[in-house]
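Only heavy atoms go into these numbers, but all of them, side chains included; no hydrogens, no water, no symmetry mates.
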Amino acid sequence: MLGISLLENPIRHYAWGSHTAIARLQRRPNPTAQPEAELWMGAHPSAPSRIRNGDAWLPLTDVLRDASKEVLGSRVATRFGSDLPFLFKVLAASEPLSIQAHPDATQARDGFERENAAGVPLDAPNRNYRDPHPKPELICALTPFWALRGFRNADAIVEALRDFKIEELAPEIEALGREGDGVGHRHFFESIMNADADRVARAVSQAVLPAAESPTSRWFAKLAVAYPQDVGALAPLFLNVVRLEPGEAMYLGAGELHSYLEGVGIEIMANSDNVLRGGLTKKHVDVSELSRTLKFDSGDPAILRPTARSTGECVFETDASEFELAVLRLERGTTWSSGSSRGPEIWLVTEGDVEVHDPTSGQTLAISQGESAFIPDRVDPYQLMGVGTLYRAGVPR
């Protein structure tokens with residue numbers, strides 16, 4: 001019978017990843033030969049974690065399939081079947097990720113069924129919807145973390161484009177100033193996204209950086225060198241540039257245009273792979289479908305800080321039904337006790353050394369920095385002891 005178990009987690013090697021961050025977290029030699037972009041903890045079919053069960057290491061997907069109610073608990077299994085509803089990650093970005101957004105539940109279901117009916121293979125490069133699920137996500141910074149998120153208001157976009165003297169976009173600037181927020185954002189975005197590469201290149205190359213340095217000018221300058229013909233290079237002028245300090249987080253619901261630019265963070269999301277891209281990428285971009293997905297409102301991005309609970313852990317509050325992220329800091333001589341009716345949980349240690357104890361079975365498992373453990377619903381309650389910082393991925397109770 002499955003108890004508290006260590007996880008063996010796959011690392012995803014993408015070009016934008018870090019050669020040091022994940023290896024340093026796991027106390028491995030670095031720099032690594034390949035960039036390490038993401039450490040995946042969960043049961044995504046394309047790269048599931050393996051779980052220690054007795055003397056064997058089994059894919060977590062197999063364990064869930066064979067004993068979903070025991071592992072997930074009746075509450076979670078009734079709602080999500082045999083699937084773990086969240087995917088937990090460490091994300092390490094040395095270069096920008098693609099500008100992207102994710103669909104809501106209805107868009108994901110309809111898009112998935114539409115592409116299935118059209119006979120588009122699941123692994124086709126032009127596939128927009130690889131599953132029928134939404135993909136809300138939350139990123140919590142472990143280091144200073146830079147991102148683009150959501151549209152600036154129309155007046156701020158017009159001012160930025162004029163400050164950078166981008167005359168190539170004069171028609172779009174005039175229209176946005178006249179139409180304002182909402183409809184103006186949509187028309188502006190669709191126009192520049194459909195512009196040909198030569199026009200985009202002219203717009204990027206003619207920009208004149210303002211005398212006063214700012215996060216906007218710094219990121220525009222960097223993206224313009226790396227992506228001179230990509231409309232994404234202009235994104236710092238029309239999207240909000242966000243800096244998260246360690247411990248701060250950002251929640252992204254459906255339809256929010258964003259890009260992670262640089263930094264290391266803890267990421268948690270619904271267990272989906274639906275991504276609609278809009279720049280800073282060589283992958284498929286479907287402007288029409290992306291535009292249908294986006295929210296064209298504007299405003300300052302909300303920065304989340306965790307809320308303390310009576311249990312002693314601090315939780316990042318969101319409206320996601322698939323996941324919840326909490327952080328716990330253990331001090332010497334203290335013991336933390338879990339609640340009941342938890343559902344499945346994954347704990348990741350980012351600093352220190354911790355022990356997980358199951359009073360019912362007497363089992364104790366040691367977890368060190370960079371390691372993670374899976375705790376099935378049937379282990380109830382349990383205790384944590386030691387000195388360190390841990391992040392918990394779970395399902396809202």
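Under the 4.5 Å side-chain heavy-atom criterion for ILVMFWY residues, a single connected hydrophobic cluster contains both Leu384 and Leu6. Under a hydrophobic clustering in which Ile, Leu, Val, Met, Phe, Trp and Tyr are joined whenever their side-chain heavy atoms come within less than 4.5 Å, directly or via other members, Ile375 and Met41 fall into different clusters. The cluster map of Ile, Leu, Val, Met, Phe, Trp and Tyr, joined by side-chain heavy atoms under 4.5 Å apart, puts Val63 and Leu365 in different clusters.
Under the 30°/60° scheme for interplanar angles, the aromatic rings of Phe151 and His185 are found to be tilted.
A donor-acceptor pair under 3.5 Å is formed between the side chain of Arg152 and the backbone N or O of Leu237. With hydrogens and angles disregarded, no donor-acceptor distance shorter than 3.5 Å links the side chain of Asn153 to the backbone of Asp181. Put simply, the side chain of Glu351 never gets that close to the backbone of Gln369: no donor and acceptor are under 3.5 Å apart. Of the possible donor and acceptor atoms, none in the side chain of Glu322 sits under 3.5 Å from a partner among the backbone N and O of Ala320. Counting only distance, with no hydrogens or angles, the side chain of Asp353 and the backbone of Ser368 share no donor-acceptor pair below 3.5 Å. Of the possible donor and acceptor atoms, one in the side chain of Arg342 sits under 3.5 Å from a partner among the backbone N and O of Pro376. In this structure, Asp358 contributes its side chain and Val379 its backbone to no donor-acceptor pair below 3.5 Å. No donor-acceptor pair under 3.5 Å is formed between the side chain of Ser338 and the backbone N or O of Pro381. Checking side-chain atoms of His13 against main-chain N and O of Pro35 turns up a donor-acceptor pair under 3.5 Å. Side chain of Thr78 to backbone of Val76: no donor-acceptor contact under 3.5 angstrom is found.
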Exercise for review: Could you walk me through whether Leu148 and Trp219 pass side chain to side chain contact (heavy atoms under 4.5 Å, CB included), step by step?
Suggested key: CA-CA 10 Å; Leu148 300 172; Trp219 280 107; 5.7 Å; no
Check your understanding: Should Arg392 and Glu324 be marked as a salt bridge (Lys or Arg N to Asp or Glu O under 4.0 Å) after you check the CA-CA gap, both sets of side-chain angles, and the distance that decides it?
Key -> CA-CA 8 Å; Arg392 175 181 64 80; Glu324 176 181 80; 2.9 Å; yes
Check your understanding: Would Phe112 and Asn274 satisfy side chain to side chain contact (heavy atoms under 4.5 Å, CB included), going step by step from the backbone distance to the final call?
Key -> CA-CA 9 Å; Phe112 183 72; Asn274 284 324; 5.8 Å; no
Practice item. Could you go through the salt bridge (Lys or Arg N to Asp or Glu O under 4.0 Å) check for Glu289 and Arg292 one step at a time? Key: CA-CA 5 Å; Glu289 194 64 26; Arg292 275 198 292 270; 2.3 Å; yes
Practice item. Apply side chain to side chain contact (heavy atoms under 4.5 Å, CB included) to Arg378 and Ser361, showing your working. Key: CA-CA 11 Å; Arg378 61 167 296 276; Ser361 68; over 6 Å; no
Exercise for review: Please lay out, stage by stage, how Arg50 and Glu8 fare under the test salt bridge (Lys or Arg N to Asp or Glu O under 4.0 Å).
Suggested key: CA-CA 5 Å; Arg50 297 202 306 162; Glu8 188 178 79; 2.5 Å; yes
Review point. Ser46 and Asp273: side chain to side chain contact (heavy atoms under 4.5 Å, CB included), yes or no, with the steps?
Key: CA-CA 10 Å; Ser46 67; Asp273 197 25; 5.8 Å; no
Exercise for review: Check step by step if salt bridge (Lys or Arg N to Asp or Glu O under 4.0 Å) holds for Glu213 and Arg218.
Suggested key: CA-CA 7 Å; Glu213 185 177 347; Arg218 182 168 78 85; 5.0 Å; no
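Under 3.5 Å, the side chains of Arg277 and Asn128 contain no donor-acceptor pair of N or O atoms. Side chains of Asn240 and Asp300: no donor on one and acceptor on the other come within 3.5 Å. In this model, no donor atom of one side chain and acceptor atom of the other lie less than 3.5 Å apart for Arg65 and Thr61. Side-chain polar atoms of Ser372 and Asn9 form a donor-acceptor pair below 3.5 angstrom.
Contact of the Val120 side chain with the Tyr129 side chain is not registered, since no non-hydrogen atoms from C-beta on lie closer than 4.5 Å. Looking only at side-chain heavy atoms (C-beta outward), Val349 and Glu371 stay at 4.5 Å or farther from each other. Using a 4.5 Å cut-off on side-chain heavy atoms (C-beta onward), Thr307 and Arg309 make no contact. Counting heavy atoms from C-beta on, the side chains of Phe189 and Leu257 come closer than 4.5 Å. Counting only heavy atoms from C-beta outward, the side chains of Glu317 and Leu304 never approach each other to under 4.5 Å. No side-chain heavy atom of Thr360 sits less than 4.5 Å from a side-chain heavy atom of Tyr382. Side-chain contact between Leu39 and Ile11: present, with at least one pair of heavy atoms (C-beta onward) separated by less than 4.5 Å. Residues Pro236 and Lys222 form no side-chain contact, since every pair of their non-hydrogen atoms from C-beta on lies 4.5 Å or further apart.
In this structure, Tyr260 OH and Ile99 CD1 are separated by 13.5 Å, a value rounded to the nearest 0.5 Å. Distance check: Met250 CE to Phe316 CZ gives 12.5 Å after rounding to the nearest 0.5 Å. Here Leu91 contributes atom CG and Trp16 contributes atom CH2; the two are 4.0 Å apart, rounded to the nearest 0.5 Å. Atom CG of Leu209 and atom CZ of Phe220 lie 6.5 Å apart (nearest 0.5 Å). With values rounded to the nearest 0.5 angstrom, Phe296 atom CZ is found 9.5 Å from His187 atom NE2. Rounded to the nearest 0.5 angstrom, Ile268 CD1 and Leu87 CG are separated by 8.5 Å.
The two residues Phe145 and Val264 make their nearest non-hydrogen contact at CD1-N, 3.6 Å. Across all their heavy atoms, Leu290 and Gly278 have their closest contact at CD2-CA, 3.6 Å. Residue Val204 comes nearest to Ala224 through the heavy atom pair CG1-CB, 3.6 Å, listed as atom of the first residue, atom of the second, then distance. Between Ala23 and Pro29, the closest heavy-atom pair is CB-O, 3.9 Å. Closest approach of Leu60 and Gly42 over heavy atoms only: CD2-O, 3.6 Å. Residues Glu262 and Ser94 approach most closely at OE2-O, 4.5 Å, considering heavy atoms.
For the pair Arg397 and Glu345, the salt-bridge criterion is met [side-chain N within less than 4.0 Å of a carboxylate O]. Under 4.0 Å is where a charged nitrogen must lie from a carboxylate oxygen, and between Glu256 and Lys295 no such pair does. Under a 4.0 Å N-O distance rule, the pair Glu245/Arg243 qualifies as a salt bridge.
None of Leu261, Val241, Val242 except one satisfies the side chain to side chain contact (heavy atoms under 4.5 Å, CB included) rule with Pro215; the exception is Val241.
Enclosure of atom CZ in Arg332 is not indicated, since only 12 or fewer non-hydrogen atoms of other residues, nucleotides or ligands lie within 6.0 angstrom. Within 6.0 Å of CD in Glu174 there are 12 or fewer heavy atoms belonging to other residues, nucleotides or ligands. Atom NZ of Lys69 is surrounded by 12 or fewer heavy atoms from other residues, nucleotides or ligands within 6.0 Å.
Aromatic ring centroids of His102 and His258 lie under 6.0 Å apart.
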